[in-house]
Amino acid sequence: MSAKLPLEGVRVVDMSLVWAGTFGTMLLADLGAEVIKVENPFVWQPYTRGQKARPTKEMIDAGTTMTHAYPNNQPGPRPWNYCPTFVQLYRNKKSFTVDHRTEEGMAVLKRLIAMSDVVYENNAVGTWDKLGLSYEALCEIKRDVIMVRVPAFGTSGPYAHARALGIHLEDILGHALLRGYRDLDVSQSGWVYSADYMGGANGALAAMMALWHRDATGEGQLVEVPQAEGAASVLFQAFVDYGLNGREQERLGNRSVYGYAPSGVYPCASDGTYETGDDHWISITVTSDDEWTALRQVMGNPDWASDASFATREGRAANQDDLDTHIADWTRGQDDYELFHRLQAAGVPAAPVLEVSRAFDDPQVVHRGVYQPQTLEDDVGTYRFMTPFYRFSKAQIGVRNPPVAFGADNEYVYRELLGVSDDEFERLRANGHIAREFDAAIP
Amino acid sequence: MAGPLSNATILDLTQHIAGPFATKLLADHGADVIKIEAPGGDPARKLGPFKDGTPHPERSGTFFYLNTNKRSVVLDLKTDAGRAALFRLLERADAVVENFRPGVIDALGIGGDELQRRKPSVCVVSISNFGQTGPYREYRASDLTMYGFAGEMYAIGVSQREPVKMFGTASLIESGAGAATAIMGALFSAKRNGVGEYVDFSLMESHFSGVDRRHASAIGWEFGRRKTLRPGQAAAGMANGVYPCADGYVDFNSANLRMDRVTNMLGNPDWLTGPKWKVVNAHLDPALIEEFNENFYAWLMVRTKHEVWEEARGSKVLCAPLFTIEELINDPHFRERGFWQEVEHAEMGSVTIPGRPFIMTKTPYEIRRAPPLLGGHTVEVLTEAGLTPAEIAAATGRVEATA
């Protein structure tokens, strides 16, 4: 029998949106917390269960993979239950619906809060105060409540009300100027969303630290997790260099911030081109003279590599353009996986740059059980989803429930948790609170 | 007010970047993190940026940022005396965190099984590149290779070029934050349930299963057999992408989701009225994008990034300026909020770094200690644990000379 999950018995009222918030509550759910998504059948939050509630087939075909690759490229009966951007963040969670804009709905929500440990939200700053759910108000409902707010820029300061997705936070915190190709304009750098990762992990950490303190003292608290500030750590070398030396770091592309060389992505034999996602590349970082010697041996000790200019770390860093050209000439035409194993066997850090469809069958990925099949509602199919990213030796950290469908736990929350009577349940259903579908007026 | 974890003690055997970042998050919130360093020190002490650019083990900016609030104890774990001292420290520890290559701590006789045999309630968290098991368990990795393999690097950059990574060691920091959540989970297992867990955390899985787009590209493939590709050059759509302005750049990613707000921000100009802008998927029409951008550039180039952002905020448009580090350090928002943290250090003077990752109103983040000098707390910590001066000398390799 497996041990109790670490956060078993902790109940989280999850009113988070988009990525950073929902990733954070997913981490809590993975560890065993009962995370209850609060959803409103009459309010559509873009970028939470999809861009649109009811995308047309035309939109699905024209949209990007990340936002519009619905099961079998069809909208299906209830598209909000399987939007590809977000669906996998709903594993291990519960979902219940309530129109909390109404007095009746707000009363239901407050009853749930009264029996919960954590209230977690990342709505636009001001939304919660307008709803009458400030931290002070929550304390009236539940004396030792832990409120986790994950605003973009914090709840104070000149930018408190600025709208932002993860990408905008990275712009403001300096990422966007510091990543990308050294030789292209910044506007070509493309997008990354590391601020979402940090916002989610920081939110989950903050919630657990507050729980830890409450366990010891009985005291709850308000925690603010400003996503912009929380994402600063990923650039720490740039901040520290400025703090120590007043120096602005420059864009390095794939080169190493520590001057390791070679450090790059090199072309390999490919099944096709970038147009079909079939271009193959290998990434290599040499962090020491020993690894350089090992790389030279794998390359067959070519004459160019014995040049004195490459003998030291400083020399390799100073002559990276030449180094990269030679290595690319060597990798081009070789199989990326075969090269990966040869380089690793010799002790050189290297890995293929995987287009994700290739990852599912990788031996290590399979061995570790990274992806496991889950079946979605509405008979739209069974698909391989990712799993929690760590294993505990005694508790069974895994996928207890597949991504939760909208309103799937209404019976549980209303009847079992809140103990509403049959009559009350019917009245709440008639008034629109209890639903499995978004209101028909929402496009 | 003390940090929330002021009743927790962590034995920290991690080095380099991801592991120390995980334990830093705990140390900055009150945990007593005892950093065990080999006689030569954490290899991160050899990583820049250095104060004044000159390498020195006590002037590494990397070590500095990742080791605030920790105490450094030098132990030679290859010796019996070093291991004996570790076991004494174990008696007071709630968690042990390590990131040696898989198998190394077992070979040293201080593996998870041995530690939990001696103290069943302690949790042990191992952080590794690819996990403790499987064919790649001993494979090496860097920020670049891990992001390439398990993160979404393949789809980052432009189509005609090689995939491109994030700045610095961003992917290792992400993994470190993920590992901190695993350590907290294990601490709860011990505290609440009396269960000493062994946790196998891999950087690989923290990227495959993280939220850095790879999750969505994987599901996109599973659902629709569609791949996520690097975008073409100049792929900016209609108010969707990075644009130049009078003094730098601004990003309007996803602003097009609410074209009504963008239109409002631009002052409802005549050129942007008319039914052609309202057609479904108008934002994908190249001719319309070109017409839009021509007018939009003219509007942007007479405004600074601060002015653009202010007008965008006025109309609730998704927008962000691209700031430099210097602009950020001097920015009124972050100054007013007290985000930057000054840390006094014996060798490096006063250094400003990014401060608290979040604001706990009753148990705040606090810098109690500067990053430690190598072995700076060896005697203090081992004495607390009850070791005699002779035992301390033996454990640290400073064997007293015999007559």
Side-chain angles (χ1 to χ4, degrees), chain A residues 3-4 6 23 31 65-66 69 71 73 84 157-159 162 167-168 171-172 176-179 187 196-197 201-202 204 206 208-209 213 221-222 224-225 230 232 234 236-237 240-244 257 265 274 277 283 285 344 349 351 353 355-357 364 367 370 383 386 389-393, chain B residues 4 49 51 61 65 134 136 139-140 142 145 148-149 154 159 162 166-168 170 173-174 177 181-182 184-185 188-189 193 195 197-198 200-201 205-206 208-209 211 216-224 226-228 242 251 253 313 320 322 325 333 336-337 351-352 354 357-359 361-362:
Chain A
K4 274 177 82 170
F23 181 52
L31 288 167
T65 298
M66 189 175 74
N73 297 307
Y159 310 151
I167 175 70
H168 305 102
D171 294 324
I172 285 161
L177 277 180
L178 283 170
R179 62 173 153 74
S187 60
D196 290 303
Y197 195 120
N202 282 330
M208 285 192 279
M209 288 182 186
H213 176 71
Q221 64 180 305
L222 168 65
E224 178 181 310
V225 187
V234 304
F236 78 87
Q237 293 97 341
V240 172
D241 202 8
Y242 189 84
L244 284 175
V257 72
V265 167
Y274 62 83
S283 57
T285 309
Q344 287 285 357
V353 179
E355 185 280 310
V356 77
S357 70
Q364 184 72 9
H367 174 86
V370 171
Y383 303 95
M386 45 291 285
F389 49 55
Y390 34 74
R391 305 285 175 271
F392 279 42
S393 57
Chain B
K51 174 84 176 165
Y65 181 74
Y136 304 170
Y139 276 12
R140 299 182 189 211
S142 68
T145 66
F149 184 77
Y154 175 83
S159 56
E162 73 279 12
M166 299 184 279
F167 176 79
I173 290 294
E174 290 180 349
T181 69
M184 280 304 302
F188 273 108
S189 284
N193 306 333
V195 176
E197 290 278 7
Y198 174 76
D200 176 357
F201 180 97
E205 281 153 284
S206 74
F208 274 126
S209 299
V211 72
S217 65
I219 293 302
W221 170 256
E222 277 295 277
F223 277 0
R226 286 157 69 163
K227 291 180 178 177
T228 302
V242 173
D251 190 348
N253 180 301
R313 296 206 300 275
L322 275 61
I325 302 297
H333 178 84
E336 180 183 318
R337 288 172 51 77
V351 185
T352 299
F358 37 80
I359 301 168
T361 52
K362 295 194 177 140

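Computation of the quantities below employed the complete heavy-atom set of this structure, encompassing side-chain atoms and omitting hydrogens, waters and symmetry-equivalent molecules. Residue numbers start from 1 in every chain, and the chains themselves are labelled A, B, ... in the order their sequence lines are given, proteins ahead of strands.
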Can you tell me if S283(A) uses its side chain to pair, donor with acceptor, with the backbone of A351(A) under 3.5 Å?
yes

Are the side chain of E162(B) and the backbone of V265(A) linked by a donor-acceptor contact shorter than 3.5 Å?
no

Under a 4.5 Å cutoff for heavy-atom pairs, which residue among [options] has the most contacts with chain B?
options                            : value
H213(A), E224(A), M66(A)           : E224(A)
P158(A), P84(A), A176(A)           : P158(A)
N202(A), I172(A), L177(A)          : I172(A)
L222(A), V257(A), V225(A), D241(A) : L222(A)
D196(A), L178(A), V370(A)          : L178(A)
M386(A), Q221(A), K4(A)            : Q221(A)

Region of [X] that comes under 4.5 Å of a non-hydrogen atom in chain B:
X       : result
V353(A) : both
H367(A) : side chain
F392(A) : both
F23(A)  : side chain

Return the set of residues passing side-chain hydrogen bond (donor to acceptor under 3.5 Å, both in side chains) with R179(A) (not counting sequence neighbours), or none when no residue passes.
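Listed in chain order: E170(A).
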
Of all residues at least two apart in sequence or in a different chain, which pass the side-chain hydrogen bond (donor to acceptor under 3.5 Å, both in side chains) check with Q364(A)?
none

Assign the ring pair Y139(B) / Y136(B) to parallel, tilted or perpendicular, where the plane angle (0 to 90°) is split at 30° and 60°.
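Rings of Y139(B) and Y136(B): parallel, under 30°.
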
With under 30° as parallel and over 60° as perpendicular, where do the rings of H333(B) and Y159(A) fit, or are they tilted in between?
parallel

[X] versus chain A, the contacting section by heavy-atom distance below 4.5 Å:
X       : result
D200(B) : both
R140(B) : both
E336(B) : side chain

Checking T228(B) against S217(B): is there a side-chain donor and acceptor pair closer than 3.5 Å?
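Result is no, nothing qualifies.
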
I173(B) side chain reached by F236(A) side chain, heavy atoms, under 4.5 Å:
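When only atoms from C-beta onward are counted, I173(B) and F236(A) do touch, with a gap below 4.5 Å.
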
How long is the gap from [atom1] on [X] to [atom2] on [Y], to the nearest 0.5 Å?
X       : Y       : atom1 : atom2 : result
L31(A)  : M184(B) : CG    : CE    : 10.0 Å
K227(B) : Y154(B) : NZ    : OH    : 6.5 Å
L244(A) : Y65(B)  : CG    : OH    : 13.5 Å

Closest-packed option against chain A by number of heavy-atom pairs under 4.5 Å, given [options]:
options                           : answer
A177(B), P357(B), P49(B), P354(B) : P49(B)
E174(B), K51(B), M166(B), R313(B) : E174(B)
I325(B), N193(B), D251(B)         : I325(B)
G134(B), G168(B), G220(B)         : G134(B)

